[in-house]
Amino acid sequence: MTTKYSKLEQTRLEKMEQLRAQGIDPYPTRAQRTHTNLEAIRAFETAEQAGEQAPVKATLVGRLRSMRPMGKVTFAHIEDGSGRVQLFLRANELGPEKMDLFAHLFDLGDFVQANGEMFRTRTGEVTLRVESFEMLAKAISPLPAAKDQVVDGEVVQHATLAEPELRYRQRYADLAVNPEVRLIFRRRAYAIRALRDFMDRHDFIEVETPVLQPLYGGAAARPFITHHNQLKQDLFLRISFELYLKRLIVGGFERVYEIGRDFRNEGVDRTHNPEFTMLEFYWAYADYLQVMDFTEQMVAFVAEQVLGSRIVPFQGQQIDFNPPWRRVQLRQGLIDTAEIDIEDHPTAESMVQAMRAIGLQPDPKAPRGKLIEKLMSEVLEPTLIQPTFVYDYPRDISPLAKSFPGDPRMVERFEGYAAGFELCNAFTELNDPMDQEARFIEMGQDYAEGDDDRHPLDEDYLRAMRYGMPPMGGFGLGIDRLAMLMTDNANIREVILFPHLRSREE
RNA sequence: GGGCGUGUAGCUCAAUGGCAGAGCAGUGGCCUUUUAAGCCAUUGGUUGAAGGUUCGAGUCCUUCCACGCUCACCA
């Protein structure tokens with residue numbers, strides 16, 4: 001493919017040739033730097049406050065983000081990872097040739113290096129008085145931002161890259177011109193670090209289990225299928241970590257967790273990306289109530305680490321993650337919001353009628369558990385703005401969760417909600433191999449031929465369980481959704497660096 | 001998959017079916033403390049793609065592509 005250059009790009013290519021003609025390498029191999037931009041400004045301010053006479057000398061680097069040539073004087077801003085600093089170039093120091101070079105062959109977006117002394121301009125901005133400068137990397141394509149300025153240390157953009165498609169497809173450009181996007185991903189990183197911290201402090205060991213699996217399981221989702229050529233074997237990308245992590249508890253680890261990627265071959269919308277990041281943990285000798293307490297502490301800790309507060313602003317609301325969270329039994333929650341008592345509707349037929357009576361359009365062929373789930377997501381879920389645990393679920397939608405002592409129709413399970421969407425899912429884990437085998441078989445019947453959510457029976461998992469699996473609590477949390485909460489974004493794509501988009505012919 | 005909407009210069013956006021424009025960016029020039037610098041001049045378009053209606057289409061119609069919102073789907 002031959003690259004088609006725009007007029008603007010052709011101009012820059014010509015400038016690059018002129019640089020070469022002057023013996024200037026537009027892409028030198030090495031850079032020098034004595035301070036980050038922020039460090040240089042701090043160093044100057046410290047010296048200034050101490051009344052030191054010796055000048056603060058600095059060699060700084062960064063991308064050219066603004067230029068104001070004024071004849072014999074030029075002001076510019078460069079930006080590095082720490083922020084921006086203003087450059088001041090004057091013919092007195094540099095001579096007319098260098099001034100000309102900078103004004104005509106350097107462009108916005110170029111990476112440059114500049115050396116000089118720090119000083120304060122008449123308007124009070126700490127600035128580098130440039131004694132020499134170098135090209136570090138010529139930018140051929142102009143960044144998609146027309147102009148911006150710094151006011152009181154804040155970058156004000158007068159025309160910014162806004163088109164979502166371009167922002168996601170060219171995330172590098174989005175990050176380069178939109179500092180608030182960089183902040184989103186810093187916060188995401190802090191959140192993940194806080195989660196690791198929290199797990200490590202509670203003596204959990206971080207492990208890694210297979211992404212490529214001969215069988216998939218642990219969640220109800222369609223998998224991606226791939227193939228190993230040399231082994232002539234079809235493999236699945238994992239849809240959860242659950243079955244492998246619980247094998248590790250059989251092996252004698254008491255507390256394990258994994259942070260990694262799951263892949264689900266399903267619809268894409270503002271809370272679903274085909275690949276997404278999960279935290280799962282398994283905790284021997286604990287139950288779902290202990291996990292509930294632990295979850296509140298964990299999320300509160302993350303909010304505090306990321307935002308310095310347990311009260312999180314989200315889409316105009318204040319979400320208060322201070323423990324304890326509200327706790328609502330699923331049955332009671334549905335009585336309160338839908339005025340349907342699921343105990344009154346022991347069959348799928350009865351559930352369908354009850355749901356129709358309140359104006360829903362349930363799938364008449366769905367099993368009872370799926371209907372209850374549908375009812376919940378339609379009626380209860382949208383009301384769960386403040387953090388809430390919904391607990392005690394019907395057994396038939398929770399094939400890996402342990403039944404209630406004395407009530408085999410219900411299981412010890414909870415889901416955590418906030419801002420109207422599901423954040424996490426946990427249960428007391430089923431550890432009875434005979435019951436588990438029965439559930440797998442049951443599930444195979446419920447999800448009859450043609451149902452994409454039907455799952456293969458994992459014999460090896462049952463074998464592991466037959467060696468003896470201690471009682472335990474298990475937990476899964478969608479880290480992308482947590483990142484949405486921590487960054488006040490209603491769309492999952494805003495918190496994934498390279499979200500999946502349909503491919504496009506260029 | 002359905003519905004609604006969007007797609008025009010590098011970016012942000014205008015344009016009743018009647019000459020495709022503005023601001024910024026770019027280019028040339030003036031300007032020795034500016035910060036959306038200012039002033040003068042100036043370049044820049046396959047209007048997402050392909051068809052159609054019309055004397056004439058950015059605008060109306062059809063199909064397609066991509067994106068957004070929404071519904072459906074989504075233990």
Side-chain angles (χ1 to χ4, degrees), chain A residues 5-12 14-15 65-77 84 86-94 99 103-104 107-109 119-125 127 129 141-152 155-169 173 177 217-222 239-240 264-272 274 361 363 366-367 369-374 376-377 393-401 411 413 415 422 425 427 439 443 446-447 451-455 490-491 493 501-506:
Chain A
Y5 291 108
S6 69
K7 287 277 166 53
L8 296 180
E9 289 169 330
Q10 286 168 20
T11 303
R12 289 183 176 215
E14 284 162 21
K15 291 181 179 187
R65 292 308 311 279
S66 72
M67 290 174 82
R68 291 177 295 284
M70 306 174 52
K72 303 287 194 298
V73 164
T74 290
F75 289 93
H77 277 98
R84 294 189 181 199
Q86 182 169 251
L87 305 182
F88 176 64
L89 297 86
R90 203 160 68 137
N92 299 33
E93 279 93 14
L94 290 164
M99 292 301 289
H104 291 285
D107 287 297
L108 296 182
F119 77 113
R120 201 178 275 279
T121 63
R122 244 173 237 172
T123 53
E125 183 165 347
T127 299
R129 181 183 285 109
S141 303
L143 286 170
K147 177 168 276 191
D148 49 29
Q149 63 163 334
V150 179
V151 175
D152 299 330
V155 177
V156 177
Q157 309 216 347
H158 298 282
T160 190
L161 177 63
E163 186 73 38
E165 184 174 355
L166 193 59
R167 289 186 47 232
Y168 300 144
R169 286 194 197 277
V177 302
R222 276 169 281 176
I239 58 173
S240 86
R264 296 188 182 175
N265 205 340
E266 289 172 352
V268 176
D269 65 28
R270 71 175 201 288
T271 54
H272 295 82
Q361 294 168 345
D363 174 3
K370 279 201 166 184
L371 292 167
I372 291 172
E373 205 161 54
K374 162 98 175 163
M376 173 169 164
S377 66
Y393 282 67
R395 160 197 165 112
D396 58 337
I397 50 171
S398 314
L400 298 162
V411 295
R413 172 179 174 191
E415 291 182 315
E422 180 190 340
N425 179 23
F427 26 90
R439 302 274 200 105
M443 198 168 51
D446 272 0
Y447 298 82
D451 190 328
D452 288 322
D453 289 342
R454 197 162 68 138
H455 276 51
N491 193 321
R493 286 177 165 164
L501 295 181
R502 212 179 292 260
S503 52
R504 185 173 200 181
E505 290 177 25
E506 302 257 352

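Both backbone and side-chain heavy atoms feed into the values below; hydrogens, waters and symmetry mates do not. Residue numbers start from 1 in every chain, and the chains themselves are labelled A, B, ... in the order their sequence lines are given, proteins ahead of strands. Just so you know, these numbers come straight off a predicted model, no measurement behind them.
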How would you label the contact of F88(A) with the nucleic acid (heavy atoms, under 4.0 Å): base, sugar-phosphate, or nothing?
base

Starting at atom CG of L89(A), determine the distance to atom C1' of U32(B), rounded to an integer number of angstrom.
12 Å

Closer than 4.0 angstrom, basic N to acidic O: yes or no for E14(A) and R12(A)?
no

Is E93(A) paired with R90(A) through a side-chain N to carboxylate O contact shorter than 4.0 Å?
yes

Please determine, for A22(B), whether a Watson-Crick or G-U wobble partner exists with both distances under 3.5 Å, and give it or none.
U12(B)

Rounded to whole Å, please give me the gap between CZ in R120(A) and P in U34(B).
16 Å

Does OP1 or OP2 of U27(B) have a side-chain N or O of K7(A) closer than 4.0 Å?
no

For R12(A), which contact category applies under a 4.0 Å heavy-atom criterion: base, sugar-phosphate, or nothing?
nothing

Contact under 4.0 Å: H104(A) side-chain N or O vs U27(B) OP1/OP2:
no

Can E373(A) and Y393(A) be said to form a side chain to side chain donor-acceptor pair (under 3.5 Å), step by step?
CA-CA 9 Å; E373(A) 205 161 54; Y393(A) 282 67; over 6 Å; no

Does any donor-acceptor pair link the side chain of T121(A) with the base of U34(B) at a separation under 3.5 Å?
yes

Would you indicate whether R120(A), at its atom CZ, is surrounded by more than 12 heavy atoms from other residues, nucleotides or ligands within a distance under 6.0 Å?
yes

Indicate, with a heavy-atom threshold strictly under 4.0 Å, whether L166(A) touches base, sugar-phosphate, or nothing.
sugar-phosphate

Complement of G58(B), any strand, by Watson-Crick or G-U distances under 3.5 angstrom:
none

Does the base of U33(B) carry an N or O that pairs as donor and acceptor with the side chain of E125(A) under 3.5 Å?
no

Expressed in angstrom and rounded to an integer, what is the separation of H77(A) atom NE2 from U33(B) atom P?
17 Å

Using a cut-off of less than 4.0 Å, is there contact between a side-chain N or O of R169(A) and OP1 or OP2 of C67(B)?
yes

Is it the case that U34(B) (base atoms only) and R68(A) (side chain only) share a donor and an acceptor within less than 3.5 Å, ignoring hydrogens and angles?
yes

Check whether any side-chain N or O of K374(A) sits under 4.0 Å from OP1 or OP2 of C74(B), and answer yes or no.
no

Both distances below 3.5 Å, Watson-Crick or wobble geometry, any strand: find the nucleotide opposite C69(B).
G3(B)

With nearest nucleotide decided by heavy atoms, which residue, D107(A) or A76(A), maps closer to the 5′ end of RNA chain B?
D107(A)

If you take atom types as modelled and just measure distance, does the side chain of N92(A) reach the base of U32(B) with a donor-acceptor pair under 3.5 Å?
yes

Respond yes when some side-chain nitrogen or oxygen of N265(A) is under 4.0 Å from OP1 or OP2 of C74(B), and no when none is.
no

Measure the distance from CZ on R84(A) to C1' on U34(B) and round it to the nearest whole Å.
15 Å

Just the rounded figure in Å: distance from C1' of G26(B) to CG of L8(A).
5 Å

